[in-house]
Amino acid sequence: MAGKPWHQGAYNARAKAVRDAANANPRTTCWRCGRTKAEHQREWTAGHVVAGQMHGELRPECAECNYRHGAIHGNRMRVQATTREW
């Protein structure tokens, strides 16, 4: 499986650096909800600031926010792809 195009190239190394930095500092906050890891008790992910942007900025994001936003964005893209204007 090839994976998502926005997760190819340098993404894995960049995402790991973001997660490692977030895990090293307990005061790090999720860029979406503003909570610390202790407040949300979920792992850190590297969230795309602009959804799906291939080489865009990544910020520390709690898994809850990242996965929720990814689902919303993915659903929106599917609806737009299947919606026709008559």
Side-chain angles (χ1 to χ4, degrees):
M1 189 161 108
K4 306 287 187 211
W6 52 89
H7 288 175
Q8 294 177 358
Y11 171 81
N12 289 332
R14 292 174 52 230
K16 184 179 183 322
V18 169
R19 290 190 310 270
D20 288 350
N23 283 316
N25 181 355
R27 293 181 294 165
T28 299
T29 58
C30 171
W31 78 274
R32 284 195 197 272
C33 70
R35 295 181 293 170
T36 65
K37 186 174 183 176
E39 291 173 312
H40 59 68
Q41 299 183 358
R42 297 287 300 266
E43 73 266 12
W44 286 118
T45 64
H48 291 88
V49 174
V50 177
Q53 189 177 44
M54 301 270 289
H55 304 289
E57 182 181 358
L58 300 173
R59 293 184 187 168
E61 187 170 6
C62 68
E64 179 182 354
C65 287
N66 194 338
Y67 301 158
R68 178 177 46 242
H69 185 265
I72 290 168
H73 178 71
N75 289 337
R76 186 175 299 131
M77 296 294 96
R78 279 188 289 284
V79 168
Q80 287 177 356
T82 60
T83 302
R84 298 180 203 201
E85 292 189 27
W86 299 97

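Closest approach of L58 and H48 over heavy atoms only: CD2-CD2, 3.7 Å. The two residues C33 and C62 have their closest heavy-atom pair at SG-SG, 4.0 Å. Heavy atoms only, all atoms of each residue included: E39 and G34 are closest at OE1-O, 4.3 Å.
Legend: residues meeting side-chain hydrogen bond (donor to acceptor under 3.5 Å, both in side chains) with T29, ordered by chain and number and at least two apart, are absent. In this structure, the side-chain contact (heavy atoms from CB on, under 4.5 Å) partners of R59, at least two apart in sequence or on a different chain, are W31, V49, E57. Checked against side-chain hydrogen bond (donor to acceptor under 3.5 Å, both in side chains), R14 has no partners two or more places apart in sequence or in another chain. Qualifying side-chain hydrogen bond (donor to acceptor under 3.5 Å, both in side chains) partners for N23, counting only residues two or more places apart in sequence or in other chains: K37. Taking the side-chain hydrogen bond (donor to acceptor under 3.5 Å, both in side chains) definition, one finds that Q41 meets it with nothing, sequence neighbours left out.
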- Query: Would E64 and R35 count as a side chain to side chain contact (heavy atoms under 4.5 Å, CB included) if you check the C-alpha gap in whole Å, the side-chain angles of each, and the deciding distance to 0.1 Å?
  - Reply: CA-CA 11 Å; E64 179 182 354; R35 295 181 293 170; 3.2 Å; yes
- Task: For W44 and V18, run side chain to side chain contact (heavy atoms under 4.5 Å, CB included): C-alpha distance rounded to whole Å, both residues' side-chain angles, the deciding distance at 0.1 Å, then the answer.
- Result: CA-CA 9 Å; W44 286 118; V18 169; over 6 Å; no
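If you take NE2 on H40 and SG on C65, they are separated by 7.5 Å, rounding to the nearest 0.5 Å. A distance of 9.0 Å separates CZ in R68 from CD in E61, rounded to the nearest 0.5 Å.
Applying the salt bridge (Lys or Arg N to Asp or Glu O under 4.0 Å) test to pairs two or more places apart or on separate chains, those with a residue in residues 18-31 are K16-D20.
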